[in-house]
Amino acid sequence: MALKGLDIFKLTPKTNCKECGSPTCMAFSMKVAQGAMELSKCPHMSEEAIATLSEATAPPMKSIKVGAGEAECTLGGETVLARHEKTFVSKSRFAVRLTPDMDVAAAVAEANKVDYDRIGERMHAEMVYVEYTGDAAAYAEAVKKVTGSGKVIILACKDVEAAKAALEVCKAEKPILNGADASNYAEMVEVAKAAGVVLGVTGADINELYDTTAAIEKLGYKELVLDTTGANIKDTFAMTVQVRRACLDKNPDRTCGYPSIVNLSAVAPDDEAMQIALASMFILKYGSIIVMDTMNYARALPLYGLRQNVYTDPQKPMKVEPGIYPLNGADENSVVLTTVDFALTYFVVSGELERSGVPCNLVISDAGGLSVLTAWAAGKLSSTSVSKFIIENVEPKVKSRKLIIPGKVAVLKGDIEAKLPGWEVIVAPNEAVQLVKFLKDMQASGQI
């Protein structure tokens, strides 16, 4: 159970030195209890106190780091069952299943075709799931082919010797060794310890998974992920949800407090439509790693969009970076349009502008991540903010002096013209879908 601020305060040095950024040790303690500040911010906390508090204030689900370099990512660390309660922490990661009898290089290249940015986030398959099929030499060779691919490697192998050989090839990349079960967990713990990698635990059912995980913890190893893949879709869903509920309940069971792996290639083999449907479900309930046969745009576009929406902090608006976005080959002489930095507004407006085919510079100013009318009502979108951004950021780079503003804030036209001498301010239609005809008509009449 999480400690209260007073419990934490009892272990602080009580010097009120302010070096942590808080005015008093009590204020610091309250922030730590709320999760708003790390214990490490206090430079005078004793090692004994840090050890005691770290265990007590740690989230019920352990945070696990896997991968190395740019591929490194964090799994777990969740504190709530529903996103609206607070926020989800570590987004689901997608893995592509590979076997030694496949053309591994070609399969990785095919998956790599999906690699794009959406609202500042890279969308791609972050992991490869290399499945052992009985030939240790062939398995090590397959692992070698994916080493250096920039993806986290998951070794799906329950053969101890084959796992050792594969780890010799890729252990520097900090893979996941998904191979411990009731029959081999002691040996697999030693292999994982020696290589310094995260160990995946499997079980025939929830009881066996729990007992095996508890036995591994008794051996002193807690760098784990739980493979909650069952014999069928129903069992897989039940086990995944039960594990998450057990560790985030009012009385959390930390034996269940680890990230999960869900292997859709096992429960829905060669069924693309079913895998997409199941992946969308396990993004919500509660797959930390989701394994699929492959990744293509038919799979990626709905799944990554859903994942980004679910794993975005609901307390923070989705924003795009303020700046000038040239569209359709725009240059310094192209007309200027402006709108707010709310991500949904940006993507709707930019999509319609691109569809028009008219070269234009879309200017995004800081509006607090709010929609047009909300930003205007809150004073975030005003003649002052727009004119200031244009003068400081647009005039030095763009020669055009035609500015198109959102139709819903047409009331700002006169004030903006007064504050931007030499600029012609034009009011756009109220709806983004009308921009295509609006711009084409302006282009045809020679206005732009």
Side-chain angles (χ1 to χ4, degrees), residues 116-123 317-448:
Y116 62 97
D117 284 340
R118 185 176 188 269
I119 319 180
E121 182 181 342
R122 185 185 177 196
M123 304 296 184
M318 295 178 72
K319 301 168 59 175
V320 294
E321 196 69 26
I324 304 173
Y325 293 80
L327 302 173
N328 302 323
D331 58 23
E332 60 184 11
N333 297 307
S334 301
V335 67
V336 177
L337 296 94
T338 188
T339 190
V340 293
D341 58 349
F342 179 44
L344 181 59
T345 299
Y346 167 79
F347 281 104
V348 170
V349 171
S350 63
E352 294 300 325
L353 296 179
E354 289 176 348
R355 197 161 66 87
S356 75
V358 176
C360 55
N361 291 299
L362 179 57
V363 171
I364 303 296
S365 57
D366 185 359
L370 304 175
S371 64
V372 172
L373 284 178
T374 307
W376 172 70
K380 299 286 187 179
L381 176 63
S382 65
S383 59
T384 301
S385 66
V386 171
S387 59
K388 181 180 179 182
F389 192 86
I390 294 291
I391 292 170
E392 293 179 354
N393 300 281
V394 179
E395 286 188 347
K397 301 175 183 177
V398 177
K399 293 181 179 178
S400 172
R401 290 299 180 262
K402 289 182 183 289
L403 173 64
I404 300 175
I405 64 173
K408 291 183 177 179
V409 288
V411 67
L412 298 179
K413 179 179 185 298
D415 286 344
I416 293 176
E417 284 182 326
K419 293 173 181 176
L420 289 178
W423 282 80
E424 177 187 354
V425 179
I426 303 167
V427 178
N430 282 343
E431 305 300 330
V433 72
Q434 299 171 313
L435 284 171
V436 175
K437 183 178 184 302
F438 176 76
L439 288 175
K440 286 185 175 180
D441 289 346
M442 289 188 68
Q443 188 180 50
S445 64
Q447 291 180 268
I448 56 175

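Sequential numbering from 1 along the given sequence is applied to the chain's residues.
In terms of heavy atoms, R401 sits closest to G422 at CB-O, 3.4 Å. The minimum heavy-atom distance linking S400 with S334 is given by the pair CB-O, 3.1 Å. The two atoms that bring L327 and E354 nearest to each other are CD2-OE2, 3.8 Å, heavy atoms only. Heavy-atom minimum distance, R355 versus V436: NH2-CG2, 3.5 Å.
Distance check: F438 CZ to I448 CD1 gives 8.0 Å after rounding to the nearest 0.5 Å. Taking CD1 from I364 and OG1 from T338, the interatomic distance works out to 6.5 Å, rounded to the nearest 0.5 Å. Note that the CG atom of L403 and the CD1 atom of I390 stand 5.0 Å from one another [nearest 0.5 Å]. The structure places CE of M318 at 12.0 Å from CG of D341, a figure rounded to the nearest 0.5 Å. Separating the CD1 atom in I405 from the CD1 atom in I416 is a distance of 4.5 Å, to the nearest 0.5 Å. The line from CD1 of I324 to CZ of F389 is 7.0 Å long, rounded to the nearest 0.5 Å.
Every pair tested for salt bridge (charged side-chain N to carboxylate O under 4.0 Å, His left out) that includes a residue from residues 382-398 fails, sequence neighbours excluded, so the list is empty.
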### Message
Before you tell me yes or no, could you show the steps for S356 and L435 under side chain to side chain contact (heavy atoms under 4.5 Å, CB included), namely the whole-Å CA-CA distance, both residues' side-chain angles and the distance that decides it to 0.1 Å?
### Response
CA-CA 8 Å; S356 75; L435 284 171; over 6 Å; no

Does L370 form a side chain to side chain contact (heavy atoms under 4.5 Å, CB included) with V340? I'd like the steps, not just the answer.
CA-CA 7 Å; L370 304 175; V340 293; over 6 Å; no

*asked:* Test side chain to side chain contact (heavy atoms under 4.5 Å, CB included) on V348 and E431; report intermediate values, then the result.
replied: CA-CA 10 Å; V348 170; E431 305 300 330; over 6 Å; no

Evaluation steps, side chain to side chain contact (heavy atoms under 4.5 Å, CB included), between W423 and V394: CA-CA 12 Å; W423 282 80; V394 179; 4.2 Å; yes

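Within the 3.5 Å criterion, the main-chain N or O of V358 finds a donor-acceptor partner in the side chain of N328. N361 contributes no side-chain N or O that, together with a main-chain N or O of V336, makes up a donor-acceptor pair within less than 3.5 Å. A donor-acceptor pair is defined here as one N or O able to donate and one able to accept, closer than 3.5 Å; no such pair exists between the side chain of S387 and the backbone of L420.
Side chains of K399 and D331 form no contact here, defined as non-hydrogen atoms less than 4.5 Å apart.
The 12-atom threshold is not exceeded at CH2 of W376, counting heavy atoms of other residues, nucleotides or ligands nearer than 6.0 Å.
Residues that satisfy the side-chain hydrogen bond (donor to acceptor under 3.5 Å, both in side chains) test with K440, not counting sequence neighbours, are absent from this structure.
In summary, of the residues considered (V335, V425, L337), a side-chain contact (heavy atoms from CB on, under 4.5 Å) with K402 occurs for V335 alone. Each of K419, K413, E417 was compared with S383 under the side-chain hydrogen bond (donor to acceptor under 3.5 Å, both in side chains) criterion, and only K419 meets it.
A donor-acceptor pair shorter than 3.5 Å cannot be found between the side chains of S385 and K380.
Taking the charged nitrogens against the carboxylate oxygens, E121 and R118 have no contact shorter than 4.0 Å, which rules out a salt bridge.
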